[in-house]
Structure formats: structure tokens, C-alpha cells
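I have placed the structure first, in the form of C-alpha cells, so that the comments after it can refer back to it.
Just so you know, residue 1 is the first one in the sequence shown, and it goes up from there. Ligands are counted one by one from 1 in listed order, and the atoms in each one are counted from 1 as well. Computed over heavy atoms, backbone and side chain alike; hydrogens, waters and symmetry mates excluded.
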Amino acid sequence: MKFIRRATILLISFLLVLVAILAMRTARFRPIEVPAPAPAESMDVDSNAAAARLARAIQIPTISYEDPEKSDTAKFLAFHDLLIELFPKSHAALKREVVNEFSLLYTWGGSNPELKPIILMSHMDVVPISPGTEGDWLHTPFSGDVADGFVWGRGTMDDKSGVLASLEAVEHLLAAGFAPKRTVILAFGHDEEIGGGNGAPKIVELLKSRGTNAEFVLDEGGSITQGIIPDVTRSVALIGVAEKGYMSLELSVMQTGGHSSTPPRNTAIGILSAAVARLEENQMPARIEGPSLQLFQNVGPHMPISRRVVFANLWFFRPVITSILSGSAATNATVRTTTATTIFESGDKANVLPVNARSVVNFRILPGDSLDDVTAHVRRVVADDRIKIQQIGTANEAAPPCDPAAPAFKVVATTIRQVCGNDILVSPYLVVGATDSRYYYPISKNVYRFGALRMEPSDLERMHGTNERVSIENYAEAIRFYAQLIRNVDALP
Ligand SMILES: [Zn+2]
């Protein structure tokens, strides 16, 4: 009896202490107060004229096809010519170089060669229209229609708006008599949508041969999200500071075939499908760290109390949060190396044992895991000598996180708030897809992914999907963002 009473008292005291700690940490988990930045330089953008120029760029279908045979290189040259026509001041004042036939590099020399240059990246190619979806477009994909306050068409979001908006900004600054102290480089790849191997790395090679070491690189990737992060009502601007890696492993089995009337216990299909099932059951471990952790720390204080308690007390709730995040495909991708079986082939006749079976598993690799780690994990989980495991296609390690405390990060964050709204929360995050920026690590330690596009949940499916569009207002905002950024970097130490 006495023992039970003591144990109860002990338990209650323990719970009280626990609740007190959780409450205290929640109370301390407050939004990070950032002083309001100075207002942006006033800038008159003729948004309708800018939209009309973007529309013309959309009308040139610079499509990247997986099958290089299908590529229409003339379209890329026509796109180059259009840029010359639309931005005469930039083409008079900046050095323009064509890299590997179709990529473009512009250099706007700064007056102070001591200052490191900045590089603004975008890509000129677009993805094809999925066959059968053409009819679902409200405006035909390459019409470049301007209607209902939007420019419509493939490339309006991804990523011709980046190419054109950065040139609009330069054109505008030149007209205003602005001369940068710090060199500004514009780098436009032509094959990002098929891995970027012939564009971005060639540009980087060239810049590296010239000893370029950039203060920062800014590519596509992040955006200003509204309603995309659950339970956060404020707009959140996401700046990608890291990027997942990529690898595909082929698993294959060879067996003696024969007649299906006297089969072995497991055929090639049975052996391989069991291995694939094991891989799906045994995922790489989840970790909340780096940019994903920073994102929760930044937006957590703006969530309702029930969530705030959890994010303020990761030390206690980490296992719970990890399992919650693992539960949805979108958040799962931000906390672990993902495993996706994408191809499975075997068998061709109902009464014949298959001689071989083959499957391909695609991995998107969390920074901190390496290609070797993933391969080792697969070998360990498959644990079957009959299965041959080999890497196929291109692979790249994850692009490691850049320091969000760097002055370069702050200048991008400040520019967002100056131009797009002081109430916007700005946070680093992990890009789960791939961008050309991963090639730029050799020439800068600050590689960021952000374009000033505003994204609501319904916009996510427009990217690479149907009815891609950008609002005229948002496009003008993107132009102002680049112009203000170029002004701001001159003040960086
Ligand atoms: Zn893109």
C-alpha cells in the first residue's frame, strides 16, 4: 500500500515536471522577430508590356525531350534571337556568350572587381505536354495568351519567367542609369528538364576556368507559398539551401526457366518481388535535421498551440513527429531518402517459367546519406545472392545545406520582404526535386533556390502539368525582386 502511494506520488511529480517543461518551452517558442527592412527602391514596372514580352517567349516551344532525336534546336536559337530583340539595352551593355551551342551566359561587369559576383540562374527549356492532356488546357499550351490577369502557357512558371524577369530587371536598371559595383552574371541553361548535363556544368566549367567565386548563386526552386504548409496562415517564402541526391538501382534475377508444370518453390518473379517488398518495408531511416528542421523552427511558432507544443519540444516529441511526417508522401520526402520502385519486368507466357526478372528502384537521397550508404542499405535489406544489384543511369550525391546565417542568405531574405511583403516568413528548406544549381557548388558556397513566384496548393499541379500560368501582378513582382536584389547586393560587405 505504502509502496503504491509512493509510486503514485512519484509518477504525478514526474508528470507535473514534464508538463511544466513542455509548457515553458512552448512559451519560449516564439516567432523570430525580424526588424522591418527599409522599403524597396520605387520602381515603375509596365506590367502589361512585360507580360506581353513573356508571352512571346512562351510561344517558342523550347521543349527538352528525353529522346534527343526529338529535340528541335532551331527553337532554342529562335529563343536567343527573341531575347536580343526584347532586351536591347542589356544586349548592348552586358557581355553575352553562348555556351555549348544553346546555353547563355551574360556578364554585367561591376565597377569594383574586388567584390565577388552574384549569379542569377534560370533555364530556357520546358517539359513537353503530356499526350492526351492538350485538350484540358484553357489556353493552348504555347499560345502565350494573356487573359484574366494571367500569362498562360508552358514555361510561365517553370522557368521562362525566371529568364525574362531577370533580364527585365537588368533592362530596367540600365534605363535608370544604375551601374553595379558588384558583377552580375545571368546564366541560362538549355537542358535542365533532362538533367542539365550539357548546359549548367559547361557554364560552371567556363566560369571556374576564369577563377569565378560567386558571393551566391540563385536558381529556381523555392517560392512564396500560401496555404501549402499546413496550419500556417501567413505566406512563407521558401529558399532552397540544399537538394536531394538521385540514384537508380537495378535489381535482377536469372533462373533456369522451364515448364510451369514442375516449378521451383519461387520463380524469378517471386524472388525479386519479395526483395522489392523488403525494400519497401525497410525504408532508410527518417531524420529531422538541417533545412527541414530549420523550416519547422521558423514556421512552428506561427502554428496553433497544439502544433506549437509539439515543435517546441522536439526533444520529447521527435519520434511522434517523425512518424507523422513519414505518414504523408510530401512530408516523408523531406525527412528521409525515399525508395520508389518504378520498373518491374518479367515473364511472357502463362505456362513458361520466367528466366529473368528485373526491377528498377529510384532513390532520392537526403543530405547526409550518400550513394554508397543507400547501396549498402539495399544490399543489406535484399540479402539474397541470387539478386544482382547495380547502379544504372545518372546519379548524383545530395547537394549539402548552405549556411542560412550567411550574409548572402540574409540579403535574399530581406529583398523578399522588401518587395513582396514584410509579413512574409522566410525560411530555408530542402528541395526534394533537382535543379541545375547543384552543378554550381564548385564556384560558390552559397547556392540558393528561390524565384519570386507565389504558389497556392492548386498551383503545384500546374508545374509540369496542365494550365501552367503566372499572374501579371506576380510576374511584375518577380521583376522588382530581381532589380532590388541587384541593388541590395552592392551594399553587401
Ligand atoms: Zn525548372
Side-chain angles (χ1 to χ4, degrees), residues 54 57-58 60-66 71 75-76 79 83 99 102-105 119-130 141-142 144 151-168 186-204 217-225 228 237-246 333 364 394 396 398-399 412 429-441 447-455 459-471 474-475 478-479 481-482:
L54 176 62
I58 300 305
I60 304 176
T62 48
I63 301 172
S64 272
Y65 292 99
E66 292 295 335
S71 168
K75 295 289 188 291
F76 287 85
F79 189 82
L83 296 183
V99 180
F102 306 110
S103 284
L104 290 176
L105 181 64
I119 302 177
L120 305 177
M121 297 172 59
S122 297
H123 61 88
M124 300 181 280
D125 61 321
V126 297
V127 290
I129 310 302
S130 302
F142 296 100
V151 184
W152 297 78
R154 177 64 83 230
T156 47
M157 297 164 93
D158 185 11
D159 178 30
K160 284 180 179 168
S161 48
V163 175
L164 276 276
S166 54
L167 278 168
E168 291 279 355
L186 307 181
F188 304 142
H190 70 275
D191 61 344
E192 192 275 343
E193 298 293 1
I194 45 171
N198 291 314
K202 305 292 178 197
I203 294 173
V204 171
V217 173
L218 184 67
D219 193 13
E220 62 169 343
S223 54
I224 304 171
T225 65
I228 287 178
L238 300 173
I239 302 176
V241 294
E243 193 170 299
K244 292 183 93 175
Y246 184 102
R364 300 303 178 101
T394 56
N396 59 275
V412 176
Y429 88 117
L430 169 70
V431 175
V432 299
T435 70
D436 267 352
S437 68
R438 67 182 185 276
Y439 294 111
Y440 280 69
Y441 279 68
V447 179
Y448 307 134
R449 299 134 187 102
F450 174 80
L453 294 184
R454 294 190 180 252
M455 299 279 273
D459 293 320
L460 295 174
E461 58 202 37
R462 297 179 193 275
M463 275 241 210
H464 290 204
T466 300
N467 290 319
E468 187 177 343
R469 67 180 191 186
V470 65
S471 79
N474 187 192
Y475 182 56
I479 296 167
F481 166 76
Y482 283 119

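- In this structure, the side chain of R154 does not engage the main chain of N467 through any donor-acceptor pair within 3.5 Å.
- Of all N/O/S atoms in H123, NE2 sits nearest the Zn ion (ligand 1).
- A donor-acceptor contact shorter than 3.5 Å is absent between the side chain of E243 and the backbone of V431.
- Looking at S223, its side chain never comes within 3.5 Å of a backbone N or O of G451 through a donor-acceptor pair.
- Distances from the Zn ion (ligand 1) to each N, O or S atom of D158 single out OD1 as the nearest.
- Not one N or O on the side chain of E193 forms a donor-acceptor pair closer than 3.5 Å with the backbone of V127.
- Checked against the Zn ion (ligand 1), the N, O or S atom of E220 at the shortest distance is OE1.
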